There are 2 protein chains.
Amino acid sequence: MGFMDNLKQVLEIEDCSLQHKGLILLSQRYMGGDMSEEKKPGSERPARQRRKMQSITMMDVAEYAKVSPSTVSLYLRRPEAVSAGAGSAIAHAIDKLNYVPNLVAGGLAAASSRAVSIIVPSVRNAFFAETVAAMQTALRKERLQVILGHTEYDEREEEDLVRTALSWAPAAIVLTGLSHSETTRRMLSKVKVPVIEIWELGGPQIDAAIGFHHDQVGAAAARHLIQQGRRHLAYLGARMHEDRRARLRCDGFVAAASEAGVEVNVVQHPAPSSAEAGAMLLSETMQDFPQTDGIACSNDHVALGVLFECERLKIAVPDRLATIGFGDLSFSAACNPPLSTIRPSGDLIGKEAARLIVEHMAGKEPDSQTTIDTRFTLLHRRSS
Amino acid sequence: MGFMDNLKQVLEIEDCSLQHKGLILLSQRYMGGDMSEEKKPGSERPARQRRKMQSITMMDVAEYAKVSPSTVSLYLRRPEAVSAGAGSAIAHAIDKLNYVPNLVAGGLAAASSRAVSIIVPSVRNAFFAETVAAMQTALRKERLQVILGHTEYDEREEEDLVRTALSWAPAAIVLTGLSHSETTRRMLSKVKVPVIEIWELGGPQIDAAIGFHHDQVGAAAARHLIQQGRRHLAYLGARMHEDRRARLRCDGFVAAASEAGVEVNVVQHPAPSSAEAGAMLLSETMQDFPQTDGIACSNDHVALGVLFECERLKIAVPDRLATIGFGDLSFSAACNPPLSTIRPSGDLIGKEAARLIVEHMAGKEPDSQTTIDTRFTLLHRRSS
DNA sequence: GAGCCGCATCATAGCGCTACGATTTCTGAA
DNA sequence: TTCAGAAATCGTAGCGCTATGATGCGGCTC
């Protein structure tokens, strides 16, 4: 029962469901048609071998329910458009035959598949995982599938992912961020697929954008620390050369601090965000800028590392050093001290994206430049 | 430029790519065929409106490269099967026309789409996120897409996800764990799609299984703590009523401890794993079983909470209480003290799964009951 | 009773591609 | 040179479904 056999051996539908004995499968009647008589009138038909077959097709359902295939199709897409009698006959047939529609065939016929392509830097990142999960949950209710792709923060990779995404004729494409290659933009503009950009606001967008302003996050962190009486700030960032959004937060932080006339330094590390990176950055910071009394981190992983390192270095948090992170990750509230942080609503982004897609499919004309600001919340806990 | 318009207005291909001016699109020649003359000999053709169209089709490429569509198709699937001359002509045409193959059409014709359906409890869970990410990366190289589904630890949901997964005719289906509903099993057995079960070993499997034995993880943790001289053990578990694998680890832990004649208690909480749950569980444990001197946690989130709570309660780790987690999450090495833990190889699971799928597609007959044990590693750090 | 409208249903013509089998072209041995 | 066998290429018939336009069928109004 190899997979390739699939393509070779299947000749006949037989007995795929337990319940439909005695049913003559309509498919055969339709398929063995006689409308090619004029092509070579006289040559016996070569009886080309059937290539494959899904067990139960819509035609079988139609046969069973004594309606035409079109009606079954119609029922499946808009149940309210068929009469109650036909409807229940079809429903009964589907149930009885255990019919599973072939979405691939449907997608081809309809010029659009019931799939949504989501392209994120990485699902390993808790932020995007949350959004993807929320979207998946919301889209499932509309019987839409999620096709996932990872760019690993590489624009070239994104371009390639968009290309393959398009070859699925998805109902929508979701991209992360507003920054894409020229080719990516061109491909997307050439095509009638709605594009939703998530997790970033404040730049030129393709269609709709859902997210928040990262510079505002940075600014909020700076204002918060200043409000706590801190005058020597530092921003600790990991992987900022790749993570555009972390950089934007950093920029917002620096801008707001400078504007308030407060000292501000940026300490960064090219490694991915992690507690280890945070610990390293903290010790570097205290060495280079010993007067630092307020720290914002590119995210909570980094902030956790800061907390641990402070403990090791006997730096009192928040007394000697206030710390604020970003993300409100699962551990943040349970830290010692509980970590002040800024919570973006990753799940809201996902939900809103799903909503937009569904509305779009329902024909609602979106303003094409829809922008949804999901905001963020500063959680003042005991680390600041 | 709404999405629905797509289905109504597109009548003509025009100027979709900048470079192919002067090209007569072959599609039209083929499509406006004259082979239906005998149907109603005399009735003028009603010129039914074309429904949709992807800009550049394989026929256009064939025309441009002066070969037949079949050859283009062949080239795309097995480049080595066409001559060098034809190959480069086709490659040139594809490049020039900016052709993107329609995978939906291909999937329908081939009876199997280039998609792999991955069904996990949740991508929010770092373990599964890692596996999904690794698989995605590996499958991309073979131009396979990942279709994602979340069960949220619900068998009923899984059943439904499998049903829709099947309607995509995927190249393979990846499920998490070995425990599935009867209907799920029946659906899968009826179909020629390879099934790979991941993250669990040691039960009846459908096709291939890749993972490790969770009871061995628990046993390893118990043995480790006993080896460290601990005689009063406890297992702290979150969400064990839903997470079968956490339960298996717990069982293994208890069994190994009992066998060694060591006291062992299980303290659990229905909430999802989190540092907060861990903190709660720790304080509960120390209250109910104050003599406890060795703790294993259902995962590192819980262990982190234990660490934090110990700090608050001034319980010395590891002197008074040894702690070991599971997962080796991003923060585990940077904790204070660094957390002993057991590392499963989530990425290896993903890579191996991808390898199996690819081999299967290449026609390699897998033994259908392939089992790959990816093992785990006990990392003895300073918390134990 | 004719004409008309609206609803439910249907027949049809593909969607773009692949796999089969057939045909053509290219080898190299006889 | 001939011809079998291999290699390259091609023509064709769908894959299972959906959108379109057409048809049939009451129930209305005039």
Side-chain angles (χ1 to χ4, degrees), chain A residues 4 7-8 10 26-27 30-33 35-36 39-40 45-62 66-78 80-87 99-113 167 169, chain B residues 4 7-8 10 27 30-33 35-36 39-40 45-62 66-78 80-87 90 99-113 167 169:
Chain A
M4 297 306 277
L7 312 175
K8 291 170 188 158
V10 187
L26 192 65
S27 330
Y30 269 67
M31 287 186 314
M35 68 325 195
S36 61
K39 202 84 222 196
K40 279 183 181 176
R45 212 152 323 114
R48 184 199 288 271
Q49 180 158 323
R50 269 304 154 343
R51 196 168 325 130
K52 78 91 179 253
M53 204 166 292
Q54 110 180 136
S55 42
I56 302 287
T57 73
M58 189 177 274
M59 279 179 180
D60 301 318
V61 175
K66 304 215 191 312
V67 295
S68 80
S70 327
T71 309
V72 177
S73 173
L74 188 61
Y75 171 77
L76 251 28
R77 279 166 301 112
R78 293 193 286 119
E80 77 283 0
V82 308
S83 66
Y99 169 66
V100 177
N102 184 327
L103 291 179
V104 179
L108 180 59
S112 157
S113 65
S167 64
Chain B
M4 296 307 276
L7 311 176
K8 290 172 190 157
V10 187
S27 327
Y30 269 65
M31 286 186 316
M35 65 334 191
S36 61
K39 205 79 221 198
K40 279 184 181 177
R45 212 152 323 116
R48 183 201 288 273
Q49 181 160 324
R50 269 303 151 346
R51 192 168 331 127
K52 79 88 179 258
M53 204 166 296
Q54 115 181 129
S55 42
I56 303 287
T57 74
M58 189 177 276
M59 279 180 181
D60 301 316
V61 174
K66 303 212 191 314
V67 294
S68 78
S70 327
T71 308
V72 177
S73 171
L74 189 60
Y75 170 78
L76 252 27
R77 279 168 302 114
R78 294 193 286 119
E80 77 284 358
V82 308
S83 66
I90 293 170
Y99 169 65
V100 177
N102 184 327
L103 290 179
V104 179
L108 179 60
S112 158
S113 65
S167 65

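Because the structure is predicted, anything quoted here is derived from the model rather than measured. We name chains A, B, ... by the order of the sequence lines, and we start the count at 1 in each one.
Remark: P of dA13(D) and CG of Leu108(B) are 17 Å apart, rounded to the nearest angstrom. Summarising the geometry, the separation between CE on Met58(B) and P on dC15(C) is reported as 15 Å, rounded to the nearest angstrom. Between the P atom of dC17(D) and the CD1 atom of Ile56(A) lies a distance of 11 Å, rounded to the nearest Å. Nucleotide dT18(C) holds its C1' atom 13 Å from the CG atom of Leu103(B), rounded to whole Å. In this structure, the CG atom of Asp60(B) is 14 Å from the C1' atom of dC15(C), given to the nearest Å. Distance, Ile90(B) CD1 to dT18(C) P: 12 Å, rounded to whole Å. Across the protein-nucleic acid pair, Arg77(A) atom CZ and dT18(D) atom C1' stand 5 Å apart, rounded to whole Å.
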Scan nucleotides 7-10 of chain C against the protein and return all N/O pairs shorter than 3.5 Å with their distances rounded to 0.1 Å.
| residue | atom | partner | partner atom | Å |
| --- | --- | --- | --- | --- |
| dT9(C) | OP1 | Ser83(A) | OG | 2.7 |
| dT9(C) | OP2 | Ser83(A) | N | 2.9 |
| dT9(C) | OP2 | Ser83(A) | OG | 3.4 |
| dC10(C) | OP2 | Ser68(A) | N | 2.8 |
| dC10(C) | OP2 | Ser68(A) | OG | 3.3 |
| dC10(C) | OP2 | Thr71(A) | OG1 | 2.5 |

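No side-chain donor from either of Ser73(B) and Ser70(B) sits under 3.5 Å from a side-chain acceptor of the other.
At least one side-chain heavy atom of Val67(B) sits less than 4.5 Å from a side-chain heavy atom of Val72(B).
Rounded to 10°, the angle separating the first-five-pair axis and the last-five-pair axis of the helix from dG1(C)-dC30(D) to dA30(C)-dT1(D) equals 40°.
Between Ile90(B) atom CD1 and Leu76(B) atom CG the span is 8.0 Å, to the nearest 0.5 Å.
When all heavy atoms of Val82(B) and Tyr75(B) are compared, the pair lying nearest together is CG2-CD1, 3.6 Å. Closest heavy-atom contact between Tyr99(A) and Ile56(A): CD1-O, 3.3 Å. The heavy-atom pair separating Ala62(B) from Ser68(B) by the smallest distance is CB-C, 3.7 Å. Scanning all heavy atoms of the two residues, the minimum distance from Ala105(B) to Leu108(A) falls at CB-CD1, 3.6 Å. Looking at every heavy atom in both residues, Pro69(A) comes nearest to Met58(A) through O-SD, 3.8 Å.
Residue Tyr75(A) places no side-chain N or O under 4.0 Å from the OP1 or OP2 atom of dC17(D).
With hydrogens and angles disregarded, no donor-acceptor distance shorter than 3.5 Å links the side chain of Ser167(A) to the backbone of Val100(B).
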